Protein chains: 2
Amino acid sequence: MGHGGARKGAGRPKGGGQYGEPTQPVRLPHSMIPSVLDYLANKGYQLPLFSSKVPAGFPSPADDHIEQHLDLNQHLIKHPAATFFVRVTGHSMVDAGIHENDILIIDRSLPALHGKIVVAAVDGQLTVKRLHQSAQGKLLLMPANPTFQPIEINDENDIHIWGVVTNVIHAV
Amino acid sequence: MGHGGARKGAGRPKGGGQYGEPTQPVRLPHSMIPSVLDYLANKGYQLPLFSSKVPAGFPSPADDHIEQHLDLNQHLIKHPAATFFVRVTGHSMVDAGIHENDILIIDRSLPALHGKIVVAAVDGQLTVKRLHQSAQGKLLLMPANPTFQPIEINDENDIHIWGVVTNVIHAV
DNA sequence: TCACTTGATTTAAGTTCAAAAATCAAATAT
DNA sequence: ATATTTGATTTTTGAACTTAAATCAAGTGA
């Protein structure tokens, strides 16, 4: 009558699930469940990173000669709560490699130091400018066109620096 | 003796949990649990996107005047299984806005069409080049230096196109 | 003897359950 | 009268439990 019996290898195979490894139930907020499942399906967006100086005799990225794996969010966004994006309009920063429709990654938690490219609100409008610190210690927004005067940041005018540009994302 | 009693508003407040909304147990693979918790803590990296043409009288990004929310992975990576990154070495593509140490996003599933910037393996080395299709329909990799000859892609030489560059990520 | 069916076993996956947390109100103490 | 303690209530939250899926081996029939 006995069919089967206690033995090694019987039963549903270990690691035969959809993830190929042990799982555990964790509670997720309702609104994030679809997004997390997408995140899982894409393995956390950990994609291979190659270097163009590495010999590449193997035409498939699915081999072992991979420098490392990268998640864009983790790599580009150090302070998620303090980071936002700005889509560029106009061509005022082409000399800094910033073009129309580029997406800028802005970190509000970084100090606005001399020479940094910043996003500021000037006349109620967002603008991207390079920050200069004068000899007197005053902060100036440098315009793209040198015939215009630098814009000083002080308590009188209503100019606020929103944050420092950390990366430029350009669609080719 | 009765303390408390059935009444509206008694008990632990609804939405008082760590997520402020109902939750549900979902099975996750062990290896992804830390990464998913990080993903949740950062609200799925859905960060605000502003436009620099939008009036910005409000100095805080934490207000309602936000164009939309964006997740870099979802926005930049349309085919996760076919996408990889390449870190740029050298200055051969500066005219296309590609600089040393930039990270290129490559999609292997896009057709390598005339004019596209592609990553190819030439002489066992990864290189970034613009693709040209000649009048005869031959595919050519155009070198940065015009004194060099274009490299033809055919069955004789061992040149493979790995994928099409979709975006350039540049650290300022 | 070989192919097919049936029962046992083991893991996967999702639901349910029970303990913990947080709040309100009555009871008690100051 | 005011502050503190205690019990009741409701939701959260992590773990236990149950059902389903997949595999092996013995039994059955051709």
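Throughout, protein chains are lettered first and strands after them, A, B, ... in sequence-line order, and every chain is numbered starting at 1. On a predicted model such as this, the values are computed, not experimentally measured, just so you know.
With DNA chain C read from its 5' end, the first of the two nearest nucleotides for A:Glu21 and B:Val26 is the one closest to A:Glu21.
B:Trp162 and B:Phe84 have perpendicular rings, their planes meeting at more than 60° on a 0 to 90° scale where under 30° would count as parallel.
Taking atom NE2 on A:His30 and atom P on D:dT12, their separation rounds to 10 Å, with Å as the unit. A:Lys14 places its NZ atom 14 Å from the P atom of C:dA13, with the value rounded to the nearest Å. Regarding B:Leu37, its CG atom lies at a distance of 13 Å from the C1' atom of D:dT13, rounded to whole Å. Taking atom CD of residue A:Gln18 and atom C1' of nucleotide C:dA13, one finds them 8 Å apart after rounding to whole Å.
Within the structure, every pair that satisfies the salt bridge (Lys or Arg N to Asp or Glu O under 4.0 Å) test and touches residues 126-154 of chain B, not counting sequence neighbours, is listed here: B:Lys138-B:Glu152.
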Exercise for the section: Classify every nucleotide of nucleotides 15-23 of chain D by which part a protein heavy atom approaches to under 4.0 Å, writing B for the base, S for the sugar-phosphate alone and - for neither, in 5'-to-3' order. Expected result: -B----BBB
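Between the CD1 atom in A:Ile159 and the CD1 atom in A:Ile151 there is a gap of 5.5 Å [rounded to 0.5 Å].
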Exercise for the section: Step by step, work out the side-chain contact (heavy atoms from CB on, under 4.5 Å) result for A:Val168 and B:Ile169. Expected result: CA-CA 6 Å; A:Val168 182; B:Ile169 299 172; over 6 Å; no
Handout entry: Criterion side-chain hydrogen bond (donor to acceptor under 3.5 Å, both in side chains) on A:Thr83 and B:Tyr45, from CA distance to verdict
Key = CA-CA 10 Å; A:Thr83 297; B:Tyr45 286 94; over 6 Å; no
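By the criterion of side-chain heavy atoms lying less than 4.5 angstrom apart, applied directly or through intervening Ile, Leu, Val, Met, Phe, Trp or Tyr residues, A:Leu70 is grouped together with B:Leu72 in one hydrophobic cluster.
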